[in-house]
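Report on the structure given below.
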Amino acid sequence: SEVLFIQHYPSSIGAVRNTLDSDKKLKILHQLSKVLNFLNYRKICHRDLKLDNIMIDKDLNAKVIDWGSVCSMYTVDNDPGSLGSKTKHV
């Protein structure tokens with residue numbers, strides 16, 4: 001059987017960014033940098049990362065949403081130095 005977990009994140013980062021102090025913004029930025037590093041390491045591109053797609057909860061845990069445009073990146077000949085590249089939708 002399958003289980004679906006739904007979490008409620010009441011605010012996007014765009015809605016509250018002007019109310020956060022520097023330490024709170026840095027906490028969120030650190031979380032986002034870990035997400036981007038994870039995606040980059042696995043050659044995944046979100047393609048729609050914007051303030052409205054970053055949700056935060058009351059404890060300032062950031063979640064990236066809207067994964068509908070995600071794609072996988074790879075080079076044409078698997079040569080990291082190659083100038084030719086393609087994207088593959090996942």
Side-chain angles (χ1 to χ4, degrees):
S1 75
E2 294 182 22
V3 178
L4 174 65
F5 291 97
I6 300 174
Q7 295 179 323
H8 177 66
Y9 288 86
S11 299
S12 72
I13 188 89
V16 297
R17 68 181 171 183
N18 294 329
T19 64
L20 300 173
D21 64 35
S22 295
D23 288 338
K24 292 176 182 175
K25 289 177 183 177
L26 284 174
K27 177 183 177 180
I28 294 168
L29 183 61
H30 178 72
Q31 292 176 42
L32 294 175
S33 69
K34 289 170 61 175
V35 168
L36 293 175
N37 188 50
F38 177 87
L39 295 175
N40 184 58
Y41 179 75
R42 285 157 183 80
K43 303 293 187 207
I44 298 171
C45 181
H46 185 278
R47 296 179 7 135
D48 194 23
L49 193 59
K50 57 187 177 187
L51 293 179
D52 289 339
N53 288 338
I54 302 169
M55 305 302 285
I56 56 170
D57 66 11
K58 62 180 175 55
D59 298 319
L60 297 180
N61 295 309
K63 301 291 181 186
V64 176
I65 63 169
D66 192 4
W67 293 87
S69 297
V70 71
C71 69
S72 176
M73 303 175 293
Y74 63 95
T75 58
V76 173
D77 56 4
N78 293 325
D79 176 11
S82 173
L83 295 177
S85 64
K86 293 183 179 179
T87 58
K88 178 180 176 183
H89 291 278
V90 176

Leu32 vs Val64, test: side chain to side chain contact (heavy atoms under 4.5 Å, CB included). Steps then yes/no.
CA-CA 8 Å; Leu32 294 175; Val64 176; 4.0 Å; yes
Could you go step by step and tell me if Ile56 and Asn61 meet the side chain to side chain contact (heavy atoms under 4.5 Å, CB included) rule?
CA-CA 5 Å; Ile56 56 170; Asn61 295 309; over 6 Å; no
Can you tell me how far apart SG (Cys71) and NE2 (His46) are? Round to the nearest 0.5 Å.
11.0 Å
Could you tell me which residues satisfy side chain to side chain contact (heavy atoms under 4.5 Å, CB included) with Lys24, sequence neighbours excluded, listed by chain and number?
Leu20, Asp21, Leu60
Residues in side chain to side chain contact (heavy atoms under 4.5 Å, CB included) contact with Asn37, at least two apart in sequence or another chain
none
Quick check for you: to the nearest 0.5 Å, what is the distance between Ser72 atom OG and Leu39 atom CG?
11.0 Å
Under a 4.5 Å side-chain heavy-atom rule over Ile, Leu, Val, Met, Phe, Trp and Tyr, are Val70 and Tyr41 clustered together?
no
How far does OG of Ser69 sit from CG of Leu49, to the nearest 0.5 angstrom?
11.5 Å
dist Leu29:CG -> Gln31:CD (nearest 0.5 Å) comes out at 10.0 Å
Asn53 CG to Ile65 CD1 distance, which is reported to the nearest 0.5 Å
5.0 Å
Partners meeting salt bridge (Lys or Arg N to Asp or Glu O under 4.0 Å) with Asp48 (sequence neighbours left out):
Lys50
Indicate the atoms forming the closest heavy-atom contact of Ala62 with Ile54, along with that distance.
CB-CG2, 4.3 Å
